[in-house]
Every structure is written in C-alpha cells, then in structure tokens.
**Student:** 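Below are the structure tokens for one structure; questions will follow.
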Amino acid sequence: MSGFAYINGVLHADGVALTSIADAVGTPTYVYSSTILERNYRNYEMAFGGQNLGIHFALKANSNLAVVGLLGRFGAGADIVSLGELKRALAAGIPASKIVFSGVGKTREELTAAVLAGVAQINVESEPELDVLDQVAREAGRRQRIALRVNPDVDARTHEKISTGKRGDKFGIAYNDVISVYRRAAGLAGLEPIGLALHIGSQLIDLTPYKNAYLKIAGLVQEMRGQGLSVTALDLGGGIGITYKDESPPSLEEYATIVCDTVGNLGCRLAIEPGRSIVATAGVLLSRVVYRKSGASNDILILDAGMNDLIRPSMYGAYHPIQPVVQPASGATLTEIDVVGPVCETGDTFARARLLPPLYADDLVVFGAAGAYCSSMSSTYNARPLAAEVLVQNDRFDVVRSRQKVEAMFANEHIPDWLGQIARDDETVVRKRA
Ligand code: LLP
C-alpha cells in the first residue's frame, strides 16, 4: 500500500497504521511517506524527460535531514536560502556541486561559507550583494558562478504574501537593469555570471504567469546574447501549486510544455527549484483531540497540535484537509465543528465550521498536505516543543526528528547572576516576614 489510505478502517502511511505511530511516538507528529516523496520527485523527472534539467529541491519547504537525504538519493540537488539550509543540505548528503543559493539578504558570512563549500551557483539579487560576493570570492581565491535573479514584473496570481515577481516586491533585480548589472558582473574577477534566475511566487495554479515570465526571460537572453554576453543557464524558480481543497493545478506535463515552448530552444542548461509540489502531499500532521466542548454556534474540537506546529491556516488563511485516523462508520453524520489548537490566541484556529464525522477526546486526526511549509515553519511559541517527525518506508518507520525536550528549548538561555541575587534577596524577605 502506498500513500495515505484507510486499511481495515485505520488510516495508514504506506504500510504503517498511524495509530501505531501515535502509540510509539506520541502526538503531535509529522509523518512522511517515502513512496509519495519518490513519486512526486520522479514525476518531475518524467515530465521533463530528456531535457537537461537540474531539479533543486527548495529546502525551505521541508529541511528535515531524512527528507532531504531521501530526495538526494533520488538525484535531487538543493535550493537553499541560508547558512542553516546550506549546512542541512550538506549534512543530508547533497553535494555542493548540486546546491544553488538563493535569497534576498545573504550575509557576508553566508556568502563566504557558500563560496568555500563550492556551491554550484549563487543567485544574486542586488548590486550591493554582487560587490560583497565578488570580494568574498576573490579573498577565497575563487571565481564563483552566479546567476542574476530577475524581477520580471509578473503577477503570479497567488496569495499576496507568497507572490515574489512583481515590480515593487523585494526580490531580484529590476528587469530593465539586468543587462547592465550582468555586464558589470562579467568584469569582476571573483565572479563568473552564467545566467539568469527567477521565481515569481509559490502555489501557482495558473500557468499563464509562468509563461509570461519565461517569455520575458527568453527575450532578455536574446538581447544579452546580441550584446555579446554569454548566457548558458536559466533557473526557472519553484514548482507548481497543489490541491489543498478544490484547486485544480496544471499537470507537470503542461508545465513542462510551457518551459519547452518558451525557453527550450535557447540551448541553456535549465534548472527548477520545486518545494511544495514535492513534499506537501507526502506529509500529514498527526494530532490527538484533547477536548470537545460546545461553542456559541458550533462544537469546538481542541487538538494537541497548535499554530506553533502548523501556522499556515493562521498566517495565510490556508485550508488543510482534516480527517479522522479511524475511518468513520459509513453513513456517519457530518456536523460543522471548529477545530482549534491550545495556543492562547484566537488565531490558533485551524478551521471554522468544518464538516466532520463524530470526534471526541483522545481520537486521532490528521491534517493533510502538511509535508511542505508546515514543520519547517513551526516554532516553540507558548513554550511548546517542536513536534516529532517520522519517515515511513513500506511497513517500517523511523523517528527522523525526536520530539524536542522542553529543557532543550531553554538549555541555551541564562539567568544573569544579578537576577539570581534579587531572587535570593526576595526569598530572604519572604522568609523573614513569615
Ligand atoms: N525558489 C525560491 C527562490 C523560492 O523563494 C521558493 C519559495 C521556491 C523556490 C519554492 O517554491 P515552491 O515550489 O514551494 O512553490 N510559506 C509559504 C510558501 C513560501 C514560498 C516562498 N518561496 C506557504 O506556506 O505557502
């Protein structure tokens, strides 16, 4: 059995019952299916079959070492945006020669580490960054391959918080400035400009913005070549959107056709940086109902997972499917329930008036499509430890991140000596009074 499905009335991840994971590891726990991870990755390979395409998994979607390591085993490279992600990618076994470094605010320290590690490409987003990188590379005695990230001024028609390619967004170099910055980069001893990069947004359901952006890039490449500049690599940004509720994303074949039709004949080495569409559907967040109580209009289901574990509903108004782990009886009545977490703010609401079968304290539920931007965006707000993570392969599973110990959360905090003194003084006062 592969993926998430009911077997004998219990929801399984591949061949493992989620009830046994909850028993062994507790909740909340992220559970990932190796089968779906592999399928999602191979789908990209197949859709672009035959083309010279680099697939760099965007670690920001999920940077668990086991997840990244598994994708690396399939042949994926990595798209990283921080020193932390660089270290994670390397620790997961992704060779530096398959790592692309993106991001609008890379520090000198981060650039130095990337250059010294020998990353394949750094996508530069501004002239000041260009100068710092040139200096860093020269100091290291290297010539760093770079691409310039272009802001193509295209509306990705996605959630405003994850739209990145419009004029005025903080990302990339303005379309009209790209050629002059590229020419300048070509004259810097520490840098070897090889091409252009773009990323217009995430969770794209409509391919038209991609098409428009790629056409603009193709035009730019031709203009640059006309001016004697060498452009041999194009990084086309993140992957396509997925279905959380009722979205109908394009197929990868349709996406590949757009790529082929727009930039396929330029003779460039192409790369993409998908995150969400590789890992989202490969993961669920497993959680237990703590209480069910009656509310003003609907009953309220209070889970042991909170907005610190899964912030997307609170942050983007995102929808995640919720389903019980024990399959409801056929014909079970569905009622509208509010589903919330234990965190002390109303924003910690996963769903309002969600139609669900009967669910009560101690029942297990999962949030679907939770493999991307869920665990990687989690926090310890309310001093709640980071959830455990489990990777399933066929009928075995491994805890690939153990639940954070509460003490580990504050192990690097420190009470100043003088505060300790105040505490002792207070204690003495209290004791004297008594
Ligand atoms: N490359 C770059 C430069 C990016 O900024 C991103 C995502 C990707 C690749 C991967 O895009 P994808 O294939 O996942 O669409 N936290 C938000 C998503 C933020 C995406 C930011 N950039 C969410 O939960 O929806």
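Whatever order the structure lists them in is the order used to number ligands and atoms, beginning at 1.
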**Student:** Would G275 count as being in polar contact with ligand 1, using the rule that some N or O on each side must be under 3.5 angstrom apart?
**Tutor:** yes
**Student:** Would you kindly specify which portion of D79 sits under 4.0 Å from ligand 1, judged on non-hydrogen atoms: side chain, backbone, both or neither?
**Tutor:** side chain
**Student:** Check ligand 1 against P274 and write out every atom of the ligand that is under 4.0 Å from a heavy-atom position of the residue.
**Tutor:** 13 (O)
**Student:** If you take the nearest heavy atom of each of M377, E273, R149, which one is closest to atom 2 (C) of ligand 1?
**Tutor:** E273
**Student:** Pull out every atom of ligand 1 sitting under 4.0 Å from any heavy atom of G239, numbered as shown with elements.
**Tutor:** 12 (P), 13 (O)
**Student:** With respect to atom 6 (C) of ligand 1, which of E125, H199, R276, H56 exhibits the smallest heavy-atom separation?
**Tutor:** H199
**Student:** Looking at Y244, I'd like to know if the NZ or CZ of R312 sits under 6.0 Å from its six-membered ring centre while staying within 45 degrees of the ring's axis.
**Tutor:** yes
**Student:** So, R384 and D309, do they make that salt bridge, N to O below 4.0 Å?
**Tutor:** yes
**Student:** Would you check the N or O atoms of R312, main chain and side chain alike, for any that come under 3.5 Å of an N or O of ligand 1?
**Tutor:** yes
**Student:** Between R42 and E45, does any side-chain N to carboxylate O distance fall below 4.0 Å?
**Tutor:** yes
**Student:** Do NZ/NE/NH1/NH2 and the carboxylate oxygens of E129 and K106 come within less than 4.0 Å?
**Tutor:** yes
**Student:** Looking at atom 19 (C) of ligand 1, what's its closest protein heavy atom, distance included?
**Tutor:** I162 CG2, 3.5 Å
**Student:** Tell me whether ligand 1 is touched by A61 - counting only heavy atoms on the residue side and a distance under 4.0 Å.
**Tutor:** no
**Student:** Got the closest protein heavy atom to atom 15 (O) of ligand 1, with its distance?
**Tutor:** S202 OG, 2.5 Å
**Student:** Tell me whether M315 reaches ligand 1 (any heavy atom closer than 4.0 angstrom to a ligand atom).
**Tutor:** no
**Student:** Name the closest protein heavy atom to atom 21 (C) of ligand 1, giving the residue it belongs to and the distance to 0.1 Å.
**Tutor:** K60 CD, 3.9 Å
**Student:** For atom 14 (O) of ligand 1, which protein heavy atom lies nearest, and how many Å away is it?
**Tutor:** Y373 OH, 2.6 Å
**Student:** Using the side-chain hydrogen bond (donor to acceptor under 3.5 Å, both in side chains) rule, pick out the option among D304, T29, D363 that qualifies with S287.
**Tutor:** D304
**Student:** Between the candidates Y244, Y316, F101, which shows the shortest non-hydrogen contact distance to atom 16 (N) of ligand 1?
**Tutor:** Y316
**Student:** Going by atom types alone, do R396 and Q393 pair a side-chain donor with an acceptor below 3.5 Å?
**Tutor:** yes
**Student:** Could you check whether any side-chain heavy atom of V325 comes within less than 4.5 Å of a side-chain heavy atom of V10, counting everything from C-beta outward?
**Tutor:** yes
**Student:** For the atom pair CD (Q121) and CD1 (I99), what is the distance rounded to the nearest 0.5 Å?
**Tutor:** 12.5 Å
**Student:** S375 versus N64: any side-chain heavy-atom pair under 4.5 Å?
**Tutor:** no
